[in-house]
Amino acid sequence: MSRQEINRSGEMEVFVRAVELGGFTAAATACRMTPSAVSKLITRLEKRLGSRLIHRSTRRLQLTPEGCAFFERSVAILANIAEAERHASAGEQVAGHIRINTSGSFGNHVLAPLIPGFMALHPNVSLEIFHTDRIVDLMEERADVAIRAGPLKSSSLTARKLGATRNIIVASPDYLRRHGLPRSSAELAKHCRIGFAYSRTIEGWPLLVDSEVATIPAARSLQVGDGEAMRHLALAGAGLARLAAFTVKSDIAAGRLQPVLEELNPGDTEEFHAVYIGQGGPLPARVRALLDFLRENVSL
């Protein structure tokens, strides 16, 4: 067996670290190598494979399609090795760092209340939580888990369903006093409807019109980039907003917001998923523990 064959897992580990950390210098520090040694190792790897894995024309690493495929398989293989070693030693240890990407609405209203319980169960785990409503590239963002709403596009990612929520049109009592309560879909044209400033699967508000579901066009006069900003604008009396029920449940109970046109709500739901890289292969114990915890404890 040649030296190259003996070091295949080592090559994979350096390559994966370079991708996860976003550069050769960071990977060199993590792997206790020099940046030039990391660069030469990956060049040898590409030569042996006969494929370019990384574009080097930009300041950050950009994977080729072959690089993406090799990264995903390498992550799975290294996880297999780590799992075998854990089983052969004292058992699986839930420890390490987890980077989570989620929307502000889910992060504030669902995830944040659950975090103390997860940390109490797994004190050797550290967490980073980033909020954004845009769809992110897990490899580019170096996220272990992303929590996303809506239908999932086919990809190399794996997803676990966490639940589903209804959407509700709401407004503040102050806004309704000033502008009146709309009683039909036609009357919505007279109102400020706060919309999202990014593309969504359904552009507009589905409502029952003559017993059929019709989509009321999205408003353009006031748009925001995330659900929490929309909620705060609704609370401030800026207009009507259509939001996930779990984000406004406490506001409705406290009288800060009021449901609007609920009799015309078609009852459609939006699913939430925990998304991660992999095709059903073994996961690090820390990631698996988080996914299991979320599946058992998330309530929408």
Side-chain angles (χ1 to χ4, degrees), residues 1-35 37-56 60-101 122 124-128 136-146 155-160 274-293:
M1 184 177 292
S2 71
R3 183 176 178 181
Q4 273 191 330
E5 290 175 323
I6 293 173
N7 290 332
R8 280 181 176 176
S9 64
E11 289 177 339
M12 287 182 179
E13 186 171 359
V14 173
F15 173 73
V16 167
R17 294 297 282 169
V19 174
E20 290 179 337
L21 297 174
F24 292 169
T25 300
T29 300
C31 298
R32 297 183 179 180
M33 300 170 65
T34 64
V38 171
S39 178
K40 289 177 182 177
L41 182 148
I42 291 178
T43 298
R44 290 197 304 271
L45 176 61
E46 290 177 322
K47 185 176 180 180
R48 180 164 61 80
L49 296 176
S51 296
R52 180 172 290 278
L53 303 177
I54 296 173
H55 290 303
R56 295 170 174 81
R60 62 181 179 83
L61 296 186
Q62 183 179 8
L63 291 175
T64 65
E66 293 79 11
C68 287
F70 187 73
F71 173 80
E72 291 171 9
R73 294 299 300 154
S74 296
V75 168
I77 290 168
L78 292 172
N80 258 322
I81 293 172
E83 185 176 39
E85 290 177 345
R86 286 193 298 269
H87 280 297
S89 62
E92 292 185 277
Q93 297 294 320
V94 179
H97 191 68
I98 305 176
R99 188 177 173 102
I100 305 170
N101 187 286
H122 305 293
N124 294 321
V125 171
S126 60
L127 297 175
E128 273 186 278
V136 301
D137 184 316
L138 265 66
M139 287 190 293
E140 184 176 326
E141 296 291 327
R142 303 194 301 279
D144 295 292
V145 176
S155 70
S156 60
L157 303 178
T158 305
R160 288 193 189 183
V275 184
Y276 53 95
I277 295 172
Q279 293 286 351
L283 289 168
R286 66 187 189 281
V287 175
R288 187 167 62 253
L290 175 67
L291 293 171
D292 291 343
F293 181 85

Heavy-atom donor-acceptor pair, [X] side chain to [Y] backbone, under 3.5 Å:
| X | Y | answer |
| --- | --- | --- |
| Thr64 | Arg52 | yes |
| Ser39 | Pro35 | no |
| Glu128 | His97 | no |

Where is the tightest heavy-atom contact between Ser9 and Leu78, given as atom of each residue plus distance?
->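 Taking every non-hydrogen atom into account, O-CD2, 3.8 Å.
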Which heavy-atom pair separates Phe24 from Ala18 by the least distance, and what is that distance?
->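 Between these two residues, the closest heavy atoms are CD2-CB, 4.2 Å.
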Quick one: are [X] and [Y] in side-chain contact, heavy atoms under 4.5 Å?
| X | Y | result |
| --- | --- | --- |
| Met33 | Leu41 | yes |
| Phe70 | Leu63 | no |
| Asp144 | Arg286 | yes |
| Ile100 | Leu290 | yes |
| Arg48 | Arg8 | yes |

Roughly how far apart are [X] [atom1] and [Y] [atom2], rounded to 0.5 Å?
| X | Y | atom1 | atom2 | value |
| --- | --- | --- | --- | --- |
| Leu291 | Arg160 | CG | CZ | 4.5 Å |
| Phe71 | Ile54 | CZ | CD1 | 10.5 Å |
| Leu53 | Ser74 | CG | OG | 8.5 Å |

